[in-house]
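Note: hydrogens, waters and symmetry copies are ignored here, and every other heavy atom, side chains too, is used. In the text below, chain A, chain B and the rest are named by the order of the sequence lines, each starting its count at 1.
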Amino acid sequence: MLFQTQKTALKPLTTAHLAQTMTLLEYSNDELRQEIESALANNPALELSDEKRCPTCNRRLIGNQRCPVCSSPNHVHDEEPIIFISPRTDFTPKGKEIYQDEIDPEEWTASIEDLATFVLRQIAPELAPEDRKIAAHLLSALDEDGLLTITLVEVAKYHHVPLSRVKQVQELIQRADPIGVGSLSPSEALLIQVKILEENSHYVPPKTADAIMEGMDLLCKRGFTELGKKINKSTKEVSRIVDFIGKNLNPYPARAYWGDSYGNQEPNQYYEESDIIISLLDDSPDTPLVVEIVAPYAGALRVNPLFQKAISDAPGEKSEQWESDFYQATLLVKCIQQRNNTMVRLMNHLVTIQRKYILGGNAYLVPITRSQIAKDLNLHESTISRAVAGKAVQLPNKRIIPLSNWFDRSLQIRTEIIQLVSEEKEPLNDTQLTEILIEKGYQVARRTVAKYRDLEGIPPSRLRNSRQIVSA
DNA sequence: CTATGGCACGGATT
DNA sequence: AATCCGTGCCATAG
């Protein structure tokens with residue numbers, strides 16, 4: 001479970017704590033769920049009502065709310081986003097559980113055998129006959145994720161061959177189709193994937209390999225800043241690297257085995273849950289966006305109405321405790337409502353502004369600042385900051401990105417640069433790039449263009465041949 | 001001499 | 001108050 005988010009334990013739910021963080025805004029879903037779970041366990045006044053579903057589209061609903069999608073004004077295309085809180089507990093796109101649920105055991109083992117032979121067939125031509133046994137041995141020791149369950153030394157000893165030879169065979173296997181199969185660890189799998197992408201001159205953010213080697217644990221904990229210091233890159237660059245890894249690499253090679261061929265597979269979603277999901281209602285160009293603010297619980301969280309009645313005739317020694325429970329429960333529910341309310345307002349505004357970006361991609365990102373949004377919504381800057389921090393959004397194209405990306409001032413220009421470079425006939429130097437950009441209406445300095453170029457991993461013009469492949 | 005990358009400053013953001 | 005980011009200046013490599 002290397003890639004599961006490992007958040008630090010939350011402080012216990014105390015009145016003082018709640019008072020300080022009146023809104024639970026800065027909590028991501030993951031954290032909020034923990035908070036709620038502990039509250040439910042410790043506070044008898046809280047209860048979770050049964051979940052309801054929309055009879056027509058089966059969406060989960062809160063309490064007695066009408067289904068926001070089905071009851072939206074008859075699907076009038078007015079480009080108004082449809083925004084609602086969507087309760088769910090089943091959003092665990094984390095691979096293991098899902099596959100185990102969806103694939104019955106027999107089919108499962110069959111797939112594993114298939115995987116081994118599938119790989120063996122690929123490498124057979126390059127495999128020296130005397131190495132076949134080694135390859136077979138290795139392949140039979142794959143776990144369901146495509147990782148090795150034995151060490152290379154064991155294999156070497158067993159076959160009485162030098163370790164280096166086993167390594168050679170292993171590398172051959174790693175390079176076969178689910179790229180990275182037969183690695184000893186997720187990080188090794190990632191590394192080989194990076195290596196191969198680079199060999200095929202795909203774009204890989206600089207220092208990605210370093211990041212993987214140095215900080216798998218930090219990567220999982222999302223300790224970007226710390227990791228940044230270690231490999232001498234800014235937090236932002238690190239998060240870009242993480243973003244890249246999430247989209248293009250797979251620490252558990254076999255899990256991609258059922259997807260398309262490498263490269264077209266569904267983006268991996270193993271390390272981040274989205275707090276917000278955006279989808280399209282239909283495929284017309286002016287379709288409303290369906291924005292779901294995901295709540296980490298099913299049904300509605302509320303104060304048990306019976307509990308309040310019971311307080312008055314509580315046994316004497318308990319009454320104080322019950323009062324306090326009741327108070328805390330009410331407070332928590334209010335805070336959550338407050339949080340939801342703010343998120344809805346925020347997303348409504350954001351989605352309207354960034355509609356083109358959501359539909360059309362990075363090039364259409366409107367540069368806005370958090371403080372501007374704060375003014376628009378009459379909220380405090382720090383409120384917006386908190387609401388944005390640590391939240392992940394799933395776009396209609398299934399990519400999961402941090403919400404903070406929507407405030408990236410330079411993303412537009414950077415995509416423009418990638419565009420220009422990928423279409424250039426002769427390498428453009430930084431000055432020329434700057435000129436073109438200024439003509440296009442971007443106000444940007446030469447030095448800055450150089451920085452962006454570097455950030456995107458594009459080498460300086462003189463090191464570029466006329467045709468350089470840049471990532472999509 | 002030109003293109004690039006390092007350093008440092010100031011303004012913006014968090 | 002601390003940090004990040006864009007930019008100008010300058011040294012250096014080619």
_Tell me every residue that passes side chain to side chain contact (heavy atoms under 4.5 Å, CB included) with A:Lys440, counting only those two or more places apart in sequence or in another chain._
A:Glu416, A:Ile436, A:Tyr442

*Atom-pair distance (CG on A:Leu428; P on B:dA3), nearest Å*: 12 Å

*Output all residues satisfying side chain to side chain contact (heavy atoms under 4.5 Å, CB included) with A:Leu280, sequence neighbours left out; order by chain, then residue number.*
A:Thr287, A:Leu289, A:Leu359, A:Pro396

_How many whole angstroms separate atom CD1 of A:Ile384 from atom C1' of B:dT13?_
14 Å

_Go nucleotide by nucleotide along DNA chain B from the 5' end; which of A:Thr369 and A:Asn429 gets its closest nucleotide reached first?_
A:Asn429

*In whole angstroms, how far is the P atom of C:dT7 from the CG atom of A:Leu455?*
14 Å

*Can you name the residues that form a side chain to side chain contact (heavy atoms under 4.5 Å, CB included) with A:Asn341, not counting sequence neighbours?*
A:Arg345

*Residues in side chain to side chain contact (heavy atoms under 4.5 Å, CB included) with A:His349, at least two apart?*
A:Ile353, A:Ile373, A:Asp376, A:Leu377

*Residues in side chain to side chain donor-acceptor pair (under 3.5 Å) with A:Ser382, at least two apart?*
A:His380

*Is the shortest side-chain N/O distance from A:Arg453 to OP1 or OP2 of B:dG5 below 4.0 Å?*
yes

_Looking only at the side chain of A:Tyr452 (C-beta and beyond, no hydrogens), which of the listed nucleotides B:dT13, C:dG6, B:dT4 gets closest?_
C:dG6

*Could you tell me the separation between the CZ atom of A:Arg386 and the P atom of B:dT13, rounded to a whole number of Å?*
19 Å

*What's the spacing between A:Arg302 CZ and A:Phe307 CZ if we round to 0.5 Å?*
14.5 Å

*To the nearest angstrom, how far is A:Leu437 atom CG from C:dG6 atom P?*
13 Å

All N/O contacts under 3.5 Å from nucleotides 6-8 of chain B to the protein, with atom names and distances to one decimal?
| unit_1 | atom_1 | unit_2 | atom_2 | d |
| --- | --- | --- | --- | --- |
| B:dG6 | N7 | A:Arg447 | NH2 | 2.8 |
| B:dG6 | O6 | A:Arg447 | NE | 2.5 |

*asked:* Of the options B:dA3, C:dG8, C:dC5, whose atoms approach the side-chain atoms of A:Arg409 most closely?
replied: C:dC5

_Can you list, in residue-number order, the parts of residues 372-380 of chain A that come under 4.0 Å of DNA chain C, counting heavy atoms only?_
none

_Suppose we screen for side chain to side chain donor-acceptor pair (under 3.5 Å). Which residues come up paired with A:Tyr357, at least two apart in sequence or across chains?_
none

*asked:* Counting the atoms with a prime plus P, OP1 and OP2 as sugar-phosphate, which does A:Ala445 contact under 4.0 Å by heavy atoms, base, sugar-phosphate, or nothing?
replied: sugar-phosphate

*Quickly work out the A:Gln412 CD to C:dG6 P distance and round it to whole Å.*
13 Å

*State which residues pass side chain to side chain donor-acceptor pair (under 3.5 Å) with A:Glu188; sequence neighbours excluded, sorted by chain then number.*
A:Gln170, A:Gln174

_Looking at A:Lys167 and A:Glu171, is any side-chain nitrogen of the basic one under 4.0 Å from a carboxylate oxygen of the acidic one?_
no

_Please tell me if A:Ser371 has a side-chain N or O lying less than 4.0 Å from either OP1 or OP2 of B:dA12._
no

*Once you round it to whole Å, what is the distance between P of B:dT2 and CG of A:Leu433?*
18 Å

*Which whole-number value in Å describes the distance from A:Arg462 CZ to C:dT12 P?*
15 Å

